[in-house]
*Asks:* 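Dropping the structure in here first, questions after.
Heads up: numbering here begins at 1 and tracks the sequence. Basis for what follows: all heavy atoms, side chains included, without hydrogens, waters or symmetry-related copies.
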Amino acid sequence: AGGNDISTAEKIALSHLAPADARFIGMRHSSTVCEELLAFCEKWYDLGVSLHIDEKVLKKIKSLHAPSARLNHVVVEWLKLNSSLSCPPTWSHLIKVIALLNMEGVAKELQQSHPVPRHSSSARNTANIASLGENSLLEVVDTISELKDQWQALGLALKLDPSVVKEISGTTPKDCLTKVVALWLRCDKVTPSWKGLVDCLLTGLWGDHSSIVNRIINKQPMAAVPVVSSEEQKVQAKRLYDEAMEKGYAECSTIRCLIHGSAGVGKTHVKHLLLKMPPPKLR
């Protein structure tokens, strides 16, 4: 294509595409996605935030491109962003985001034109995994939707930068809540997890949220498991060492355990659970 032989380049690209899968959206579908989302020409910014696109990128799109072209650039940025994530972009994810933005009519039309095929019984089920990634945004927002009027308090309780929380704005409280959760899921200072969210809600410093906590634990049992931090482990190890040095001996026991299962069923999660360690990040 650098030599302007576009037709040959297209033939090569088409001959090396991955097997077709109706669930996934690739860069080659960008024009189709834009046509389907014409109703979002004026709501392109809210759509971008809900699709986890960095607000700096959105502001750049606003400053460099005409209003009629901004939606196209949001779609392209979303497809570029998701190419680096563990979960590729899908029509089902896009439909959920649109429904969350109170555009149920558009969501239903997309659902009819892009029906999601059923997954096989062997497909990996990540519903009960305690750790969270950026693709968990909709599930988290739906679970804690009652906190939409307390989104600022939630952002501070999740230890987000107060200046960033103060700059958040949206057309509705739920939009602001969505942006807070999106920032938390992208935060590098913490590892977002259901357990961390439960601990945040149980502080009691900004209201009683026991009903939400019970709902999370019913859906995500691992959120109720006490997790020992690395610092706490160091303190325990030092205490045991000092006791052994004082006695002159230490009692030790060894347990050998075989955990068998196919990839993705949760073997590593079980190991971390037994050792009271934080759950591993979702691959």
Side-chain angles (χ1 to χ4, degrees), residues 37 39-59 62 74 78 92-108 127-224:
L37 299 181
F40 281 90
C41 281
E42 296 182 0
K43 290 189 174 183
W44 64 271
Y45 195 93
D46 293 334
L47 178 64
V49 171
S50 298
L51 291 173
H52 317 312
I53 299 174
D54 192 280
E55 293 203 30
K56 293 181 180 178
V57 176
L58 294 175
K59 289 178 181 177
K62 183 178 181 179
V74 166
W78 174 55
S92 60
H93 178 219
L94 186 59
I95 290 169
K96 289 179 181 177
V97 168
I98 292 171
L100 189 64
L101 291 170
N102 298 322
M103 298 288 283
E104 290 83 359
V106 179
K108 288 180 180 178
N128 291 322
I129 293 178
S131 57
L132 296 169
E134 290 191 63
N135 55 337
S136 306
L137 174 64
L138 295 176
E139 184 181 5
V140 175
V141 172
D142 183 59
T143 303
I144 63 172
S145 58
E146 298 168 27
L147 300 176
K148 61 184 180 182
D149 294 323
Q150 295 180 281
W151 60 269
Q152 286 183 317
L154 175 65
L156 297 176
L158 291 172
K159 299 182 179 179
L160 298 178
D161 188 333
S163 60
V164 175
V165 174
K166 190 176 180 179
E167 292 179 358
I168 292 176
S169 61
T171 55
T172 65
K174 193 169 184 179
D175 290 340
C176 296
L177 175 65
T178 302
K179 293 176 182 179
V180 166
V181 175
L183 286 171
W184 177 58
L185 294 176
R186 290 201 302 261
C187 185
D188 296 327
K189 297 180 181 178
V190 297
T191 301
S193 66
W194 288 111
K195 171 63 180 172
L197 185 57
V198 165
D199 290 343
C200 169
L201 296 173
L202 286 176
T203 57
L205 299 177
W206 51 296
D208 180 15
H209 305 297
S210 55
S211 60
I212 301 176
V213 169
N214 291 333
R215 187 187 311 141
I216 294 174
I217 293 175
N218 287 335
K219 290 183 178 180
Q220 314 288 344
M222 286 188 69

*Asks:* Closest heavy-atom contact between G196 and S193?
*Replies:*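 It is N-OG, 3.0 Å.
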
*Asks:* Please report the C-alpha distance between K148 and V180 in whole Å, then the side-chain angles of each, then the deciding distance to 0.1 Å, and finally whether the side-chain contact (heavy atoms from CB on, under 4.5 Å) criterion is met.
*Replies:* CA-CA 10 Å; K148 61 184 180 182; V180 166; over 6 Å; no

*Asks:* How long is the span from the CG atom in L160 to the NZ atom in K179, to the nearest 0.5 Å?
*Replies:*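 Answer for the CG-NZ pair, L160 versus K179, is 14.0 Å.
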
*Asks:* Would you say that Y45 contacts E55 through its side chain, given a criterion of any heavy-atom pair below 4.5 Å between the two side chains?
*Replies:*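 Of all side-chain heavy-atom pairs linking E55 with Y45, at least one is under 4.5 Å.
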
*Asks:* Tell me yes or no: between the side chains of D175 and T172, is some donor less than 3.5 Å from an acceptor?
*Replies:*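 Yes, T172 and D175 have a side-chain donor paired with an acceptor closer than 3.5 Å.
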
*Asks:* In the structure I gave you, are the side-chain heavy atoms of T143 and L197 within less than 4.5 Å of one another anywhere?
*Replies:*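 SC-SC contact between T143 and L197 ruled out.
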
*Asks:* Can you name the closest pair of heavy atoms from L177 and S145 and give their distance?
*Replies:*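 Reported closest heavy-atom pair: CD2-CA, 4.0 Å.
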
*Asks:* Could you go through the side-chain contact (heavy atoms from CB on, under 4.5 Å) check for L94 and L51 one step at a time?
*Replies:* CA-CA 8 Å; L94 186 59; L51 291 173; 4.2 Å; yes

*Asks:* Does the side chain of W151 come within less than 4.5 Å of V181's, by heavy atoms?
*Replies:*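 Of all side-chain heavy-atom pairs linking W151 with V181, none is under 4.5 Å.
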
*Asks:* Give the minimum heavy-atom separation between I53 and V74, together with the two atoms involved.
*Replies:*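 Heavy atoms of I53 and V74 come nearest at CD1-O, 3.3 Å.
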
*Asks:* Do you know which two heavy atoms are closest between L137 and A182, and how far apart they sit?
*Replies:*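 Heavy-atom minimum between the residues: CD1-N, 3.7 Å.
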
*Asks:* So does D199 pair up with K195, basic N to acidic O under 4.0 Å?
*Replies:*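 Result for this pair is yes, salt bridge flagged.
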
*Asks:* State the NZ-CG distance between K59 and D54, to the nearest 0.5 angstrom.
*Replies:*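 Separation between the atoms: 9.5 Å.
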
*Asks:* SG of C176 to CG of L147: how many Å apart, nearest 0.5 Å?
*Replies:*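 One finds 13.5 Å between SG of C176 and CG of L147.
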
*Asks:* For a quick test of reading the model, state the closest non-hydrogen atom pair linking C200 to L158 and the distance between them.
*Replies:*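 Taking every non-hydrogen atom into account, SG-CD2, 3.8 Å.
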
*Asks:* Supply the atom-to-atom distance L47 CG to I98 CD1, rounded to the nearest 0.5 angstrom.
*Replies:*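 CD1 of I98 is found 6.5 Å from CG of L47.
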
*Asks:* Could you state the interatomic distance from NZ (K43) to CG (L37), rounded to the nearest 0.5 Å?
*Replies:*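 Between K43 NZ and L37 CG, I get 12.5 Å after rounding to 0.5 Å.
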
*Asks:* In Å, rounded to the nearest 0.5 Å, how long is the span from CD1 of I216 to CD of E139?
*Replies:*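 Rounded to the nearest 0.5 Å, the CD1-CD separation comes out at 10.0 Å.
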
